[in-house]
Structure formats: structure tokens, C-alpha cells
2 protein chains.
Amino acid sequence: MDLVKIYSCLCDRTRLRLLNVLAQGPLCVCHFQAVLGEPQVKISKHLAYLRARGLVVVERSGNWMIYELTPKPSRELRANLACLQDCARENPVFQRDLARLKKLAPKLAESGPCGCATPAK
Amino acid sequence: MDLVKIYSCLCDRTRLRLLNVLAQGPLCVCHFQAVLGEPQVKISKHLAYLRARGLVVVERSGNWMIYELTPKPSRELRANLACLQDCARENPVFQRDLARLKKLAPKLAESGPCGCATPAK
DNA sequence: AATCTATATTCCGTTATAGGTATATAAGAC
DNA sequence: GTCTTATATACCTATAACGGAATATAGATT
């Protein structure tokens with residue numbers, strides 16, 4: 001069942017945080033590291049997990065890999081991501097991540113696909 | 001995070017089917033067996049899993065254990081169960097289970113907490 | 001008491017998952 | 001070409017999950 005695949009992606013704290021941040025727009029791995037405060041391996045492996053199950057897609061941009069939510073989500077995925085967004089609204093962990101994201105890349109839209117012209121370090 | 005616990009419960013096919021059936025009302029294990037067509041151990045263990053995480057509660061009624069969705073779900077749980085219901089609407093597996101439930105216990109409300117006066121066998 | 005019925009639990013084998021360390025790859029800079 | 005930077009992968013260990021077989025328990029019946 002496809003739902004199982006979706007929920008398998010959602011049943012890990014790190015992946016939930018990744019998806020929450022991704023809901024704001026595409027991002028590169030280095031920014032995920034900075035926002036979540038987690039090591040590169042961890043971020044990278046969980047993104048690979050999400051990618052293998054079709055929740056996110058990647059595109060290379062020079063040295064950076066830009067991840068974003070899949071452009072054509074299934075009905076189920078769309079519904080559950082919306083539900084997650086709803087739950088995230090009142091969750092301190094998620095909100096803290098979004099705050100850090102805003103600080104880190106306040107002009108994401110202007111500075112290219114993920115703002116990595118000024119890499120986070 | 002509480003969400004992880006919820007999604008952990010949802011990332012198994014059998015548990016999804018159990019929750020879908022439970023949305024119709026309380027039910028005993030023997031009826032779950034009949035509706036899902038799965039062995040007793042499997043049903044019992046997954047119900048225990050759901051119970052340990054607070055998604056369902058149990059009450060003994062003679063020889064039967066009547067499971068039902070927790071009467072006081074968290075905001076997150078309520079949202080996600082509603083989302084699941086929405087997804088189930090168009091899912092053949094879930095609908096087949098509900099059809100079997102209807103056939104098996106068409107008068108659940110009348111015949112007591114789970115209709116086990118006429119046990120399924 | 002013995003027995004039956006419904007359900008739970010224990011034990012076992014297999015597979016999946018998560019995190020860390022170390023290493024590999026791929027592109028850019030020089 | 002070498003070197004650096006960003007990211008991915010391999011390998012290892014520990015833990016959790018799943019399913020099945022066998023057994024245990026608790027209540028009902030006789």
C-alpha cells in the first residue's frame with residue numbers, strides 16, 4: 001500500500017524536520033545541516049531515504065544538490081503533507097527550524113535556488 | 001516528538017487496516033481476524049502495538065477484548081486519523097475491509113459492544 | 001475441579017532502521 | 001593535472017520491527 005511508504009517516511013524525527021523545512025521551498029544539503037544542526041551524513045542519508053520513496057526530487061547545481069518536494073505528489077501524499085503542515089504550526093521544534101531557516105536565508109527567492117552563493121558554515 | 005509515535009503506528013499495512021476498521025466503532029479481536037483475514041497472533045500483536053502508543057484502548061467483556069480508538073486523541077492524532085479516513089475513501093483494501101465488516105456485523109450497534117454474542121468463526 | 005474459548009505473550013529467525021566513522025565521488029578552483 | 005568543497009556511499013554496530021509457532025492466561029461453561 002502506498003500509504004505505508006508515506007508513513008514510513010514520516011516516522012522519523014529528522015525526516016519530519018526535513019519535510020517541514022522543504023515545505024518552504026527547495027534547499028541544499030549544507031543549509032539543511034545548518035538549520036537542523038545535524039551532521040552531514042545524517043541529513044544526506046535521510047534525504048536519500050525520502051528520495052528513494054518519491055517524496056523529494058534532487059537537482060544538481062554546481063557543487064550543490066538542491067532538494068525539493070516532488071512536483072507531482074499523489075493525492076495521499078498531498079493530504080498527509082498538508083496535515084503535517086497543520087501539526088507543525090504548533091510545534092516548537094518545527095517552528096525553531098523555520099526561524100533558523102529565515103535567519104540563514106532570508107532572501108532565498110532572490111539569491112538563486114537555495115541561496116548557496118553564500119554557503120552556510 | 002509525538003508525531004513520530006503516531007506515524008510509527010501508521011507505517012504498517014495491518015495497523016492501517018485495523019485503524020480504518022476501528023473508525024467504524026469498537027470491535028473485538030475475533031472480528032478483526034474475520035474482517036482482515038489475518039491470523040490471531042498478528043492481529044493481537046498489532047493491537048498491542050497501537051495500545052502501547054495510546055492510539056487505542058481496551059476493555060474486557062467476558063472472554064472478549066473490545067478495542068476502540070482512544071476517547072481523547074491529541075490534536076495531532078485527530079488530524080492524522082481524519083486524513084487517513086480521507087485517504088481510505090478511495091482505497092480498495094480499506095473499502096473491502098469495511099464491506100466485510102458490514103456483512104459480518106450489520107447490526108453492531110444493536111448487538112452490544114462488538115456483536116460477539118454471535119462470534120465470527 | 002476439568003475444559004473450552006478468546007486473547008496475550010514468549011521465543012526465534014529474518015529483515016529493516018538509525019547513527020557513526022571512514023571513504024568515495026563529482027564539480028569547481030587553481 | 002592537484003586541491004578543495006559539497007555530497008554520497010560503504011561499512012559497522014545496535015536496536016527495533018515483523019511474522020510464525022508454541023505456550024500462557026483469564027474468564028466462561030460444565
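All values derive from a computational prediction rather than experimental measurement. A, B, ... follow the sequence lines: proteins, then strands. Residue 1 opens every chain.
Using a 4.0 Å heavy-atom cutoff across all strands shown, A:Phe32 reaches no nucleic acid atom at all.
Here the side chain of B:Ser44 is nearest to one of D:dG20, D:dG19, C:dT9, namely C:dT9. Across C:dA8, D:dA6, C:dT17, the shortest atom-to-atom separation from the side chain of A:Tyr49 is found for C:dT17.
Five base pairs at each end of the helix from C:dA1-D:dT30 to C:dC30-D:dG1 define two local axes, and these are offset by 10° (rounded to 10°).
Not a single donor-acceptor pair, N or O on each side, falls under 3.5 Å between the base of D:dG20 and the side chain of B:Lys42.
Atom P of nucleotide D:dG27 and atom CH2 of B:Trp64 are separated by 14 Å, given to the nearest angstrom. Following rounding to the nearest Å, A:Lys45 (NZ) and D:dC12 (P) show an atom-to-atom distance of 13 Å.
Rounded to the nearest 0.5 angstrom, B:Asn91 CG and A:Asp2 CG are separated by 9.5 Å. Remark: B:Gln24 CD to B:Lys102 NZ distance equals 7.5 Å, nearest 0.5 Å.
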Sequence-aligned protein contact record of nucleotides 22-30 of chain C, with B where the base is within under 4.0 Å of a protein heavy atom and S where only the sugar-phosphate is: ----SBS--
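Between the side chain of B:Arg60 and the main chain of B:Gly62, a donor-acceptor pair closer than 3.5 Å is present.
Contact annotation: A:His46 reaches the phosphate of C:dG19 (side-chain N/O to OP1 or OP2, under 4.0 Å).
Side-chain contact check for A:Asn80 and A:Tyr7: at least one donor-acceptor pair (N or O, by modelled atom type) lies under 3.5 Å.
Near DNA chain C, meaning a heavy atom under 4.0 Å away, the residues from residues 3-23 of chain A are A:Asp12, A:Arg15.
Just one residue in the list B:Val58, B:Leu27, B:Leu47 forms a side chain to side chain contact (heavy atoms under 4.5 Å, CB included) with B:Met65, and that residue is B:Val58.
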